[in-house]
Student: 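Right, I'll just put the structure down here and ask away after.
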Amino acid sequence: MGSWIVDNWPSFDPHNFSQLRPNDPSAPSKKTPITYHPTHERTLPPPDQVISSESKNILLRQFYQRGDEKLRPKRAAPESLAPEQECKHPRASIASSSSEPPI
Amino acid sequence: MFRRHNITARIFERQIRTPPPGTSVHRARRFYENIVPGTTIYEVECPDHSFRKFTEDGKYLISFSRNHQDLIVYRPTWLSFSCKQEDCDNQDLPLKAKKFESFFTQLYSVPLASANELICKDFFLYTETNQFGLFATSTAQIYDAPATGGAIQGVPSIEKITFHLLRLEDGVVLDERVFCNDYINLAHSMGVFLFDDLLAIVSLRYQRIHILQIRDSGSLVDLRAIGEFCREDDELFLNSSAQAISSVDKRAPQHMPINNAVNGPHLEQSAQENPFLSGIKQRLLSFIVRGIQNEEKDETMRIQSLKKKFYFHFQDYVDLIIWKVQFLDRHHLLIKFGSVDGAVSRNADNHPAFFAVYNMESTEIVAFYQMTSDELYLLFEQFCDHFHVPSKSSPYMNFISSHSNNIHALEQLRSSKSKATSFPLFIKKVLVSLPFNCQSQSPSPYFDQSLFRFDEKLISAADRHRQSTDHPIKFILRRPPHTLKFKIKPGPEAGITDCRTKRISSFLFHPILPLALSVQQTLFLQPAVVNIHFRR
């Protein structure tokens, strides 16, 4: 990095890189770079997690998904409007066609 | 971006440029635009066999003798004619080069069928990894056969059907599997589906799907038989419970037992037959019932809906039989159900049909659709290639043009969809090809829709006989400059003057070499006219 200055490489503004001091190879810098540690553990994967590819191909996944939706018991009428619309969204995002197919 | 057409320029281009990721096969195929089977040898003198097809790796040409008893296998080779003169390109081929034997060497001839059997010449399946070929011989069909031993009334019977597994390298018969007094649809391999090393054979008469495995050693091993029983130990369980029921019957003859644990709706029948539906029929009916039940939230509406949609048609659902089967992957089957009349009639279009997806491992039905279902049509439109099961052993079979991998085929489908007057009828027409026949499409690059444009009614990748015309079939480049590249003309060079006789042609394209055979036959037992189309 220090060779930028040493070799006088061209740059738009001659004041660029003026603050940069080249590293002196004989006396290595004692400053360690700042490291960041997470303050929470929410994003850690579970210790027994195994990532593998889906064995069913996309067509079979679609069949299973539609079959599960048909067989999933529907809830009682009043409060079902909001949750059911929520569950409709994932289907629309997975199906690649622009129109949502009727059940 | 314009690509140069000159083959030398293309070869130089190939040396310096890598293709975009995932398109190496497509780029290699573009060379087939330059190397075309443009020269035709008309009316080649060839042995009087019925030529069936080239194997998918191009190593063998399968043909059957006229009397349907022998199998003759040829190896496709090439001309070994050299020209010492200066102007070789304009020289005509010498007569001794224009022979069938210049292109094909006979490897062996094996008698497959014994005295009263005939080889089914429409049936041939090939496993590429081991170079095994599966052939079928059968005795004559018996119509109006009595429905004995669990058979379905109305389905004809064939006394003996034998499947022969042959090693094509040397013609050794490795294994055989016999079905007696059964009926399997052998025409165009419709009743059998091969996926990797798994074979699904549909016995229409006994309503069973036999799953077999072709081992590397060449033996056919039974894995399971789906139909009356789904799991291997079902038969034991049902027989023991049937014994218990019959002993209960003797004590209280007026009370019909209801077995809730294992089965859904049951049928009241005489004590001789099984009093409840078992196997795949039970799975299917319970899936339908649960689907209808879950549509309605209210209890009374649910009962109404069940009465209207299920119990009203109950007998129709019970009478459904398995028509055809294909694999969707190693564990899932796509099964077409229909009525008995539709299974044996030639034109099954007028008979209602249903599709079901069945998981062999969990023995569950995953999906059930009517044949005019737009949901199934949408899945077919988007994921057609997954219905043509991609096999790891022959990756180039994935490049057969379909509307899921080719924009021109997709445009064709969309235009016929917009022209269709009735959408359910259009869906029916499109879905009638499901489940697909195994290995029924030629992998030849000349049928690739992005390379060539041709009349689909006269010739296409599907190997079936077509009406023959006198005009040559043109293959035109898809890309600019849209020139005519080559023509395939079946039949004699001068054409046939007698227009009254109906002629049918079939085309056999070698999957790799620029070589094709066209066979024109009249319906009477005249010898077929065979033309060889190749690149000089």
Side-chain angles (χ1 to χ4, degrees), chain A residues 1 3-4 7 9-12 36 43-103, chain B residues 195 283 286-299 301-302 305 326-335 355-362 364-369 373-392 398 404 410 414 423 427 434:
Chain A
M1 200 49 174
S3 58
W4 283 95
D7 295 347
W9 282 25
S11 76
F12 273 118
Y36 293 89
T43 50
L44 276 181
D48 54 352
Q49 182 185 72
V50 172
I51 300 176
S52 59
S53 59
E54 169 88 40
S55 57
K56 294 196 286 252
N57 62 40
I58 190 169
L59 176 67
L60 285 170
R61 254 183 278 155
Q62 292 276 326
F63 278 131
Y64 273 93
Q65 203 175 40
R66 286 162 203 244
D68 284 342
E69 287 213 10
K70 282 200 189 117
L71 293 184
R72 190 174 35 175
K74 296 216 178 342
R75 297 163 216 127
E79 63 265 24
S80 69
L81 283 175
E84 283 209 7
Q85 273 182 2
E86 269 179 47
C87 69
K88 273 199 193 309
H89 285 309
R91 257 191 82 209
S93 62
I94 287 171
S96 55
S97 61
S98 52
S99 64
E100 186 166 0
I103 300 171
Chain B
F195 171 56
R283 298 284 195 269
S286 51
F287 182 84
I288 300 173
V289 164
R290 278 153 65 213
I292 297 175
Q293 269 185 337
N294 279 309
E295 275 171 18
E296 300 292 337
K297 294 160 268 209
D298 184 41
E299 187 65 33
M301 289 300 292
R302 195 178 287 185
S305 179
Q326 74 159 89
F327 281 102
L328 288 177
D329 73 354
R330 283 187 83 88
H331 303 298
H332 293 87
L333 294 172
L334 176 70
I335 308 176
F355 296 97
V357 178
Y358 175 73
N359 184 333
M360 292 195 288
E361 297 297 319
S362 68
E364 280 178 1
I365 297 269
V366 176
F368 181 76
Y369 296 104
S373 156
D374 40 4
E375 200 175 304
L376 183 63
Y377 169 75
L378 246 121
L379 287 176
F380 180 72
E381 197 187 75
Q382 288 168 358
F383 308 116
C384 176
D385 281 347
H386 291 273
F387 283 98
H388 290 287
V389 243
S391 162
K392 286 188 227 32
N398 301 340
S404 292
L410 181 63
R414 289 224 174 112
F423 194 50
I427 293 178
L434 277 184

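Small disclaimer: the values here were computed from a predicted structure and weren't measured. Order of the sequence lines sets the chain letters (A, B, ...), proteins ahead of strands, with each chain counted from 1. Worth knowing before you read on, the calculation uses all heavy atoms, side chains too, and leaves out hydrogens, waters and symmetry mates.
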Student: Once rounded to the nearest 0.5 Å, what's the spacing between atom OH of B:Y369 and atom CZ of A:F63?
Tutor: 5.5 Å
Student: For a 4.5 angstrom cut-off between non-hydrogen side-chain atoms, does B:L379 reach A:R66?
Tutor: yes
Student: Specify the closest pair of heavy atoms between A:L59 and B:L328, including all atoms of both residues, with the distance to one decimal.
Tutor: CD2-CD2, 4.1 Å
Student: Can you confirm whether B:N359 sits close enough to A:Y64 that some side-chain heavy atom of one is under 4.5 Å from a side-chain heavy atom of the other?
Tutor: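 Answer yes - side chains close enough.
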Student: B:V357 versus chain A, heavy atoms under 4.5 Å apart: side chain, backbone, both or neither?
Tutor: side chain
Student: Between NE2 of B:H386 and CG of A:N57, what distance do you get to the nearest 0.5 Å?
Tutor: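 It is 5.5 Å, given to the nearest 0.5 Å.
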Student: Under the salt bridge (charged side-chain N to carboxylate O under 4.0 Å, His left out) rule, collect the residues that match up with A:E54, sequence neighbours excluded.
Tutor: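 If we apply the salt bridge (charged side-chain N to carboxylate O under 4.0 Å, His left out) test to A:E54, skipping adjacent residues, there are no hits.
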Student: Can you name the ring-ring contact (aromatic ring centres under 6.0 Å, His included) partners of B:Y377, sequence neighbours left out?
Tutor: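 In terms of ring-ring contact (aromatic ring centres under 6.0 Å, His included), with neighbours along the sequence ignored, B:Y377 is linked to B:F423, B:F426.
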Student: Nearest 0.5 Å, please: how far is CZ in B:F287 from NZ in A:K70?
Tutor: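 Rounded to the nearest 0.5 Å, the NZ-CZ separation comes out at 6.0 Å.
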Student: Side chain, backbone, both or neither: which part of B:I292 has a non-hydrogen atom closer than 4.5 Å to chain A?
Tutor: neither
